[in-house]
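The model shown is predicted, which means the values in this text are computed figures rather than measured ones. These values consider heavy atoms only, across backbone and side chains, with no hydrogens, waters or symmetry-generated copies. Residue numbering restarts at 1 for every chain, and letters A, B, ... go by the order of the sequence lines.
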Amino acid sequence: MFNQRVKIKQLLSGTDAKSAVGSEVVVMGWVRTFRNNQFIALNDGSTNNNVQIVASLGEFNEAILKRITTGASIKATGVVVESLGKGQTVEVKATKIEILGDSDAEKYPLQPKKHSLEFLREKAHLRFRTNTFGSVFRIRHSLAFAVHQFFNDRGFLYLHTPIITSSDAEGAGEMFRVTTLPLEGAAKNEAGEIDFTQDFFGKSTNLTVSGQLEGELGAMAFSDIYTFGPTFRAENSNTTRHLAEFWMIEPEVAFNDLEDNMNLAEDFIKHLIDYVMKHNQDDLAFLDSRLAEEEKQLPTEKRSGLGLVEKLKFVLENGFERITYTEAIDILLNSNHYKKKKFTYDVKWGIDLQSEHERYLVEQHFKKPVIVTGYPAAIKAFYMRMNDGCEAGKETVAAMDILAPGIGEIVGGSQREERLDKLEARMNEMHIPLEEMSYYLDTRRFGSVPHAGFGLGFERMVQFVTGMTNIRDVIAFARTPKNCEY
RNA sequence: UCCUCCUUAGCUCAGUUGGUUAGAGCAUCUGACUGUUAAUCAGAGGGUCGUCUGUUCAAGUCAGACAGGGGGAGCCA
């Protein structure tokens, strides 16, 4: 057996470290730096912290030492000793060092210094080896685990909704077509259009933009379900908050109303933060200090004031602000910001809230996450439940968006329209073909119940917890317009 | 898709009102030193200044087009 190593995280962890002193260990990993021709900072990705391997002078031949370069992989055998130097409590005094894989120092792109995120983005296959991305992706892993833990503990069923779908009724965005038809010379029908009956599925198909509709079907049998999978949008969005391929979590719960839905979403987000704060302290501490350093470069008025860990703690300890859309509009209209005409987009009842409006509410007015409910029906999707007793022309739906500082919309959800007649009327109004959605309407025909759900953009959550400002830096290999490397 | 900024050594960046041989730190190589923490010291190599076109006696510097990237907006998660 080759692998009898101890993971660096375990080797360095408080109680284990002391008790290991005097014992022989094998560690394997990649060289971060080699200082003074004696001290190897070795990392294996289990933690942000490096273990220091000491190659005492004169005990190793030059040929081996020359090959200990940044990026090289080594296997070191040695004895755990209390460190003579500062900066670490224990270190490994090497008795044997084997080079597993050389790394030409002249060609290896990563250096023991700060690189720009833009540069590292172009070296996406190597950036995992940096402190920043190491921490980001360990936290991403923890968040994914915490998602399943949260729902599993609450008796939710993890429903795998399809990635290829034929439904295009939700209108959540532009879709990627899935086809095996040839690009040129595809069969045409009598009308001169491409004949999709000749296609693999016998109809036009796309990559999913949301698992919600299928999720609702599951909730109508299992009561509580969630999905967690990749989602695709072919929108030409070039921003720090959008990806063409991203991961989304969509719980759907029978018998929940909008308030239950909000409570679930708030508990969920807090659970995710809590889990990471308990399990990724080193990573958060590193990202915290990284952000603090970055903030120092900013002019005072642009600084956020709260450190990353402070921010997460604050969110954990305080309730999310809950306001209606109508209240939000009033707050905006009464703000000095509005009176001084500082908004680019006008504010009046009926508009969709613009980024600048959301940012004002979250970052200036409330300074905490805000849940906005009761949006105008005209700007929301067909499946959202119509609120009763609305003034004519001011119909609202039981929608809710959670807005987070620095990210904007992190959750979008609603109580669904469970009344068949109302749902059909709404679909007709919005020109959604009832026949194609017959399977969906069946849930309202046979034992319909009030139910609600929401979607949380996983990458946006990772952004929020890590403080990374560009969404391309929280997914391993980002897919964005004109960019599908690796 | 729109607005805006950027592109100079492997990396991060400087480069004056257009002017002769384009600079620094880190990295690399050579040597010295040796309990270092992005080690230090001395020296060396390394650039068709994003691409193309134009203005000019002369372009890294001015203008235009294109490409790539950043930030913002829209669409949304």
Any donor-acceptor pair under 3.5 Å joining the side chain of [X] to the base of [N]?
X: Asn50(A); N: U37(B); answer: no
X: His115(A); N: C11(B); answer: no
X: Glu91(A); N: G35(B); answer: yes
X: Gln88(A); N: U36(B); answer: yes
X: Ser237(A); N: C75(B); answer: yes

Electrostatic pair [X]-[Y], nearest N-O below 4.0 angstrom:
X: Arg127(A); Y: Asp473(A); answer: yes
X: Arg322(A); Y: Glu266(A); answer: yes
X: Lys9(A); Y: Asp44(A); answer: no
X: Lys380(A); Y: Asp401(A); answer: yes

Closest nucleotide of RNA chain B for Lys86(A) versus for Leu456(A): which of these residues is on the 5' side?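 By nearest-heavy-atom nucleotide position, the 5'-most residue is Lys86(A).
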
Could you check how far [atom1] of [X] sits from [atom2] of [N], rounded to whole Å?
X: Lys66(A); N: U28(B); atom1: NZ; atom2: C1'; value: 11 Å
X: Arg67(A); N: U28(B); atom1: CZ; atom2: C1'; value: 19 Å
X: Arg35(A); N: A38(B); atom1: CZ; atom2: P; value: 6 Å
X: Leu110(A); N: G10(B); atom1: CG; atom2: C1'; value: 11 Å
X: Phe34(A); N: U28(B); atom1: CZ; atom2: C1'; value: 16 Å
X: Ile40(A); N: G35(B); atom1: CD1; atom2: C1'; value: 14 Å
X: Glu59(A); N: G35(B); atom1: CD; atom2: P; value: 14 Å
X: Phe39(A); N: A38(B); atom1: CZ; atom2: P; value: 13 Å

Nearest to the side chain of [X] - [options]?
X: Ala105(A); options: U28(B), G69(B), U1(B); result: U28(B)
X: Asp352(A); options: C76(B), G70(B), A39(B); result: C76(B)
X: Phe119(A); options: U12(B), U36(B), G71(B); result: U12(B)
X: Ser116(A); options: G70(B), U36(B), U12(B); result: U12(B)
X: His242(A); options: G35(B), U30(B), C75(B); result: C75(B)
X: Glu118(A); options: G70(B), U1(B), U30(B); result: G70(B)
X: Thr240(A); options: G70(B), U1(B), G71(B); result: G71(B)
X: Gln111(A); options: A73(B), C26(B), U37(B); result: C26(B)
X: Gln354(A); options: A27(B), G74(B), U36(B); result: G74(B)
X: Arg472(A); options: G70(B), U1(B), G74(B); result: G70(B)

Test ring-ring contact (aromatic ring centres under 6.0 Å, His included) applied to Tyr360(A) and Tyr338(A), Tyr345(A), Phe343(A), the passing residue: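 Output: one option passes, namely Phe343(A).
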
For nucleotides [N] and [M], find the distance between their [atom1] atoms and express it as a whole number of Å.
N: C52(B); M: G46(B); atom1: C1'; value: 27 Å
N: U17(B); M: A63(B); atom1: P; value: 14 Å
N: C62(B); M: U56(B); atom1: C1'; value: 10 Å
N: U37(B); M: A27(B); atom1: P; value: 13 Å
N: U30(B); M: G69(B); atom1: C1'; value: 37 Å
N: C13(B); M: C76(B); atom1: C1'; value: 37 Å
N: G47(B); M: A24(B); atom1: C1'; value: 14 Å
N: G60(B); M: U16(B); atom1: P; value: 12 Å

Locate the shortest heavy-atom distance separating Gly211(A) from Glu250(A); write the atom from each residue and the value. N-OE1, 2.7 Å

Go ahead and write out RNA chain B as dot-bracket, 5' to 3': ( ) for pairs within the strand, [ ] for ones crossing earlier pairs, | when the partner sits on another strand, dots for unpaired; Watson-Crick or G-U wobble, both distances under 3.5 Å. (((((((..((((.....[...)))).(((((.......))))).....(((((..]....))))))))))))....

Would you indicate, yes or no, if [N] has its OP1 or OP2 atom less than 4.0 angstrom from a side-chain nitrogen or oxygen of [X]?
X: Ser355(A); N: G74(B); result: yes
X: Arg32(A); N: U37(B); result: no
X: Asn470(A); N: G71(B); result: yes
X: Arg359(A); N: A73(B); result: yes

After noting the C-alpha distance and the side-chain angles of Glu91(A) and Lys93(A), does the key distance pass the salt bridge (charged side-chain N to carboxylate O under 4.0 Å, His left out) rule? CA-CA 6 Å; Glu91(A) 60 194 18; Lys93(A) 189 166 160 37; over 6 Å; no

Scan the side chains in residues 134-152 of chain A for donor-acceptor partners under 3.5 Å anywhere in the protein, sequence neighbours excluded, and list what turns up.
| from | atom 1 | to | atom 2 | distance (Å) |
| --- | --- | --- | --- | --- |
| Ser135(A) | OG | Asn48(A) | ND2 | 2.8 |
| Ser135(A) | OG | Asn131(A) | O | 3.3 |
| Ser135(A) | OG | Asp283(A) | OD1 | 2.9 |
| Arg138(A) | NE | Asp283(A) | OD1 | 3.2 |
| Arg138(A) | NE | Asp283(A) | OD2 | 3.2 |
| Arg138(A) | NH1 | Gly45(A) | O | 2.8 |
| Arg138(A) | NH2 | Asn48(A) | OD1 | 2.9 |
| Arg138(A) | NH2 | Asp283(A) | OD1 | 3.1 |
| Arg140(A) | NH1 | Glu459(A) | OE2 | 3.1 |
| Arg140(A) | NH1 | Val474(A) | O | 2.8 |
| Arg140(A) | NH2 | Glu459(A) | OE2 | 3.0 |
| Ser142(A) | OG | Arg138(A) | O | 3.3 |
| Ser142(A) | OG | Asn280(A) | OD1 | 2.7 |
| Ser142(A) | OG | Asn280(A) | ND2 | 3.4 |
| His148(A) | ND1 | Tyr226(A) | OH | 2.6 |
| Gln149(A) | OE1 | His271(A) | NE2 | 3.1 |

Which part of the nucleic acid, if any, lies within reach of Tyr345(A) when heavy atoms closer than 4.0 Å are counted: base, sugar-phosphate only, or nothing?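 Sugar-phosphate contact only.
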
Consider side chain to side chain donor-acceptor pair (under 3.5 Å). Of Glu417(A), Arg416(A), Gln415(A), Glu216(A), which one does His451(A) pass it with? Glu216(A)

Checking salt bridge (charged side-chain N to carboxylate O under 4.0 Å, His left out) for the pair Asp257(A)/Arg385(A): CA distance, chi angles, key distance, verdict? CA-CA 10 Å; Asp257(A) 67 10; Arg385(A) 191 179 197 275; over 6 Å; no

